[in-house]
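In what follows, a single structure is set out as structure tokens and then discussed.
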Amino acid sequence: MRNTAAKSLAVLTGLFVLYTSGAGPFESLVQRALFLGLVVTLGLLMYPLWEGRRIRSLGIVLDGAAAVVTWIGCGYIVVNYDDIMNALPWATTADLAMTAGLVVVLLEIGRRVVGLIFPVLVFAGLGYALLGHHIPGMLGHRQFDPYFVTETLFLGDLGIWGSLVSVAATVIAAFVLFGAVLLHTGGGQTFMDLAMRMGGQSPGGAAKMATIASGLFGMVSGSAVANVATTGNFTIPLMKRLSYPAPFAAAVEAVASTGGQLAPPIMGAAAFVMAEILGLSYVTVMVAAILPALLFYLSVFMTVHVVSLRRGLRIVDRSDIPDWSAILQWRRVLPILAALGGLFWGIFDGRSVQSAAFIGIVALLVAYLATSIGQRGPCEIGRQLLAALDDAGRGLVIIGVLLAGAQILVAMINLTGIGVTLSSLIVALAGNSTVLVALIVGLICLVIGMGLPTTAAYVLVAAVLAPALTAVGVPPLAAHMFVFYFATISVITPPVCVAVFVGAGIAQTNWLPAAREAVRLGAMTYVVPFLILIYPGMIGQGGTLAVANALFTGLVLVVAIPFLLGRMPLTGRRAGDVAIYLFVIALAVVPHPLAPLVAALILAAGWMLGRRSAAALEPNDGTRAAPQE
């Protein structure tokens with residue numbers, strides 16, 4: 001019964017998103033309250049309290065009470081929207097009770113969905129707002145009574161109903177639905193087949209296929225952990241079947257899936273939040289992400305190639321690879337092209353982002369129905385569409401709950417001014433040095449992001465740490481892209497690397513060696529944020545020459561870093577090879593137009609000399625030594 005109720009509510013949530021994407025959202029607070037009520041109630045059904053335990057009956061009562069509390073709070077906002085926005089009412093004891101109840105439910109659902117770390121952070125933010133006036137020195141603030149905090153959180157659009165929940169209830173929800181419909185109407189299998197065809201027949205073919213497939217899925221789903229769980233259940237067993245080391249298989253999938261959050265056109269939910277925070281169009285953020293994402297996947301692909309050559313990893317059996325004619329059948333390709341065409345037409349026509357997503361969905365459905373004539377019956381089509389709505393509704397639970405909790409935390413950070421205080425301390429500690437500020441901010445981003453979903457981690461570091469970069473002259477978009485990258489790669493950075501944990505679980509291996517492999521495969525991603533600060537062209541700014549310079553620098557690093565970490569020989573002496581690679585990497589990031597060119601020439605010269613030396617040392621009988629590990 002609970003599963004049926006959850007499926008029904010998930011489908012209803014998907015229909016709510018579809019309707020408001022096409023017809024336009026309701027009044028701001030009404031849209032946000034209805035959305036939050038739906039996702040929290042669905043979360044209670046999906047993650048029941050004390051499931052399978054003897055006290056489950058008590059859990060049912062508490063879950064029911066939580067649902068009532070949620071809808072009382074959300075319903076109050078819907079009914080009293082005009083008074084809240086126009087009269088700016090003072091908080092009453094009833095308002096205080098509704099706020100407390102709703103916050104407790106949100107934190108509890110957050111605990112069930114993503115673990116204890118995130119709700120503890122939100123609770124700490126609330127505690128700091130209420131009790132921080134007792135702290136002496138710079139970290140203290142003036143006193144705020146509970147009624148004033150209630151007015152901030154509940155009776156306005158700065159707290160629970162703020163901009164983060166707004167973007168979740170409109171833009172992110174529309175794109176989650178877009179991705180779900182695309183995957184459930186055949187796009188998912190087409191992506192997988194395309195990846196198999198493109199990467200399967202080269203050295204390390206299964207790992208390259210996993211990289212391509214996870215990138216394609218990630219551009220639609222935008223969730224690293226969900227991506228690992230989805231594509232990893234196919235790619236990791238395939239790699240293991242071809243005798244790839246299990247830690248390597250888990251790492252490939254984790255890193256490639258993480259890159260999906262960085263790759264246009266959809267990226268992750270955090271990218272939409274960034275656009276909202278900066279007041280920019282999503283197209284601007286998407287364009288800024290193109291070159292860094294390209295370098296990320298090129299570096300992963302190159303590292304996989306080098307490691308595969310050294311380890312002698314097998315290609316995918318030709319019998320397992322579909323023909324181009326099967327992949328590029330018009331019935332399979334047309335819905336994908338229609339979806340992306342409708343999406344981009346809406347964006348470049350000046351429509352709102354959620355409206356563009358709706359146009360893409362409609363175009364996809366029309367093409368899917370047209371290509372299904374004579375191929376699928378009405379019942380099968382209906383099942384696929386219901387599955388897409390169900391999947392979208394369920395996927396919105398974690399996003400809605402996380403962003404509501406993050407909005408509470410951000411509201412308290414802004415109320416107390418602790419973000420400005422911490423940014424000032426970082427700048428003072430670094431002595432106004434952009435390099436030192438960036439190093440400190442990057443390290444703190446990795447620590448804060450550990451154990452948190454990317455979106456929540458980005459929201460937190462954007463509020464606290466991005467101002468430290470802008471204070472030393474970094475442009476806002478570059479500063480936010482910097483912290484966004486570090487918040488994202490925290491899911492593959494030990495010791496709390498959630499994406500690696502999931503991949504290692506599927507591969508049935510220890511997470512620690514998988515994490516080491518993941519850091520090596522994703523090494524370029526730790527460099528890209530600093531390139532964003534050094535080269536404005538990395539995010540599409542500064543003109544054509546600036547972009548070309550950034551691209552050339554990135555390509556030099558895409559070769560040098562994987563060759564270094566993959567132990568690709570140059571001179572035949574490991575110490576000499578490492579020295580050359582490190583010198584090339586250091587020279588490439590020097591902000592001078594000629595530095596990357598000189599670095600490329602040194603790398604090319606070392607490669608040619610190494611090949612000549614190897615050829616001179618080959619035995620005359622034509623035999624060749626086996627590759628060494």
Side-chain angles (χ1 to χ4, degrees), residues 17 25 28 31-32 35-36 39 106 110 114 118 121-122 125 157-176 178-179 218-219 221-226 258 260-289 293 352-354 357 395-414 419 445 448-449 452-467 469-470 476-491 539:
V17 172
S28 58
Q31 174 81 10
R32 301 168 199 181
F35 172 79
L36 196 60
V39 297
L106 285 171
V114 297
F118 182 64
L121 284 174
V122 177
D157 59 357
L158 298 177
I160 297 173
W161 321 111
S163 60
L164 299 184
V165 175
S166 173
V167 73
T170 53
V171 176
I172 295 176
F175 273 89
V176 168
F178 175 87
M219 286 190 290
S221 69
S223 171
V225 176
T258 299
Q261 298 174 94
L262 310 170
I266 297 179
M267 304 173 67
F272 297 102
V273 176
M274 185 193 302
E276 180 74 18
I277 292 174
L278 292 174
L280 300 173
S281 69
Y282 176 69
V283 175
T284 303
V285 175
M286 182 177 67
V287 169
S352 66
V353 179
Q354 62 266 32
L396 286 171
V397 170
I398 184 172
I399 293 172
V401 171
L402 279 177
L403 287 182
Q407 184 66 69
I408 295 172
L409 185 56
V410 169
M412 297 301 96
I413 289 172
N414 293 335
C445 285
I448 290 178
L452 292 180
T454 299
T455 304
Y458 165 71
V459 169
L460 183 56
V461 298
V464 177
L465 299 174
L469 290 169
T470 57
L477 179 57
H480 279 258
M481 286 294 291
F482 183 91
V483 299
F484 172 52
Y485 258 73
F486 274 109
T488 299
I489 59 180
S490 64
V491 299
I539 53 175

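No side-chain heavy atom of Leu465 sits under 4.5 Å from any side-chain heavy atom of Phe482. The shortest side-chain heavy-atom distance between Ile448 and Val464 does not fall under the 4.5 Å cut-off. Leu36 has its side chain within reach of Ile160: a pair of non-hydrogen atoms, C-beta onward, lies under 4.5 Å apart. Val459 places none of its side-chain heavy atoms less than 4.5 Å from the side chain of Leu409.
Here the options are Val461, Ile489, Leu460, the test is side chain to side chain contact (heavy atoms under 4.5 Å, CB included), and the partner is Cys445; only Val461 passes. The side chain to side chain contact (heavy atoms under 4.5 Å, CB included) test with Phe272 is passed by exactly one of Leu403, Leu164, Ile172, Ile399: Ile172. The side chain to side chain contact (heavy atoms under 4.5 Å, CB included) test with Tyr458 is passed by exactly one of Phe486, Phe484, Tyr485: Phe484.
Taken from OG1 in Thr284 to CE in Met274, the straight-line distance is 11.5 Å, to the nearest 0.5 Å. One distance of note links CG of Leu477 with CG of Leu280; it measures 6.0 Å at 0.5 Å rounding. Atom OG1 of Thr470 sits about 7.0 Å away from atom NE2 of His480, to the nearest 0.5 Å. Separating the CG atom in Leu402 from the CD atom in Gln407 is a distance of 13.0 Å, to the nearest 0.5 Å. Atom OG1 of Thr488 is separated from atom CG of Leu262 by 4.5 Å, given to the nearest 0.5 angstrom.
Considering all non-hydrogen atoms of both residues, Ile277 and Ala462 come closest at CD1-CB, 4.4 Å. Between Ala289 and Met481 the shortest heavy-atom distance is CA-CE, 4.0 Å. For the pair Leu278 and Pro476, the tightest heavy-atom approach, listed with the atom from each and the gap, is CD2-CB, 3.9 Å. The shortest non-hydrogen separation linking Phe118 to Ala406 is CZ-N, 3.4 Å. Heavy-atom minimum distance, Gln31 versus Ala169: NE2-O, 3.1 Å. Leu396 and Ala173 get closest at one heavy-atom pair: CD2-CA, 3.5 Å.
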Please report the C-alpha distance between Val483 and Leu469 in whole Å, then the side-chain angles of each, then the deciding distance to 0.1 Å, and finally whether the side-chain contact (heavy atoms from CB on, under 4.5 Å) criterion is met. CA-CA 9 Å; Val483 299; Leu469 290 169; 4.2 Å; yes
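Between the side chain of Arg32 and the backbone N or O of Trp161, at least one donor-acceptor pair lies under 3.5 Å.
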